[in-house]
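The residues of the chain are indexed from 1 along the displayed sequence.
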Amino acid sequence: MNYILAILLPPVSILLTGRPILALIVFIIWVPALFLSGGLTHPMFILLAWFLIFQAREDRRERRMDR
């Protein structure tokens, strides 16, 4: 579900991965970039969100394996 949210609203998806400061920074950059470029920069933010979601999952997996 978080991957679908990353397509629509990348800053919210980043916030849900547990990175509130990064989500705020991305939101501040994402909104003007979305309007000024006509949406051409949106895929960059989607890829960033997907990478952070994947990284958070891997971190959770590692913590489970360490127990």
Side-chain angles (χ1 to χ4, degrees):
M1 167 144 163
N2 204 1
Y3 286 104
I4 295 171
L5 187 60
I7 293 172
L8 301 173
L9 297 168
V12 175
S13 179
I14 293 170
L15 180 66
L16 292 176
T17 61
R19 297 176 179 252
I21 296 171
L22 183 61
L24 181 64
I25 293 169
V26 167
F27 181 76
I28 291 170
I29 297 170
W30 178 68
V31 172
L34 192 63
F35 291 113
L36 294 176
S37 72
L40 294 175
T41 57
H42 188 70
M44 177 183 64
F45 293 106
I46 293 172
L47 290 175
L48 174 66
W50 281 359
F51 175 74
L52 292 173
I53 293 167
F54 179 76
Q55 186 179 17
R57 264 194 196 163
E58 289 297 314
D59 289 345
R60 266 187 262 134
R61 231 182 251 155
E62 283 182 24
R63 276 189 257 138
R64 275 192 233 148
M65 297 297 272
D66 288 342
R67 288 182 182 179

Notebook entry, point to check: Partners of Glu58 by side chain to side chain donor-acceptor pair (under 3.5 Å), sequence neighbours excluded?
Noted result: Arg61
Check: Residues two or more places apart in sequence or in another chain: which of them pass side chain to side chain donor-acceptor pair (under 3.5 Å) with Asp59?
Finding: none
Common cluster, [X]/[Y], ILVMFWY with side-chain heavy-atom separation under 4.5 Å:
X	Y	result
Phe51	Met1	no
Leu5	Val31	yes
Phe45	Leu52	yes
Val12	Leu34	yes

Check: Can you check side-chain contact (heavy atoms from CB on, under 4.5 Å) on Arg63 and Arg60, steps first, answer last?
Finding: CA-CA 5 Å; Arg63 276 189 257 138; Arg60 266 187 262 134; 4.1 Å; yes
Mind listing the closest non-hydrogen atom pair of [X] and [Y] along with its distance?
X	Y	answer
Ile7	Ile46	O-CD1, 3.8 Å
Leu48	Ile14	CD2-CD1, 4.1 Å
Pro43	Leu40	CD-O, 3.4 Å

Next item on the list: To the nearest 0.5 angstrom, please state how far the CD1 atom of Ile4 sits from the CG atom of Leu9.
Entry: 12.5 Å
Notebook entry, point to check: At what distance, to the nearest 0.5 angstrom, does CG of Asn2 lie from CD1 of Ile53?
Noted result: 3.5 Å
Just distance, no hydrogens or angles: give the donor-acceptor pairs under 3.5 Å from side chains in residues 21-30, sequence neighbours left out.
from	atom 1	to	atom 2	distance (Å)
Trp30	NE1	His42	ND1	3.1

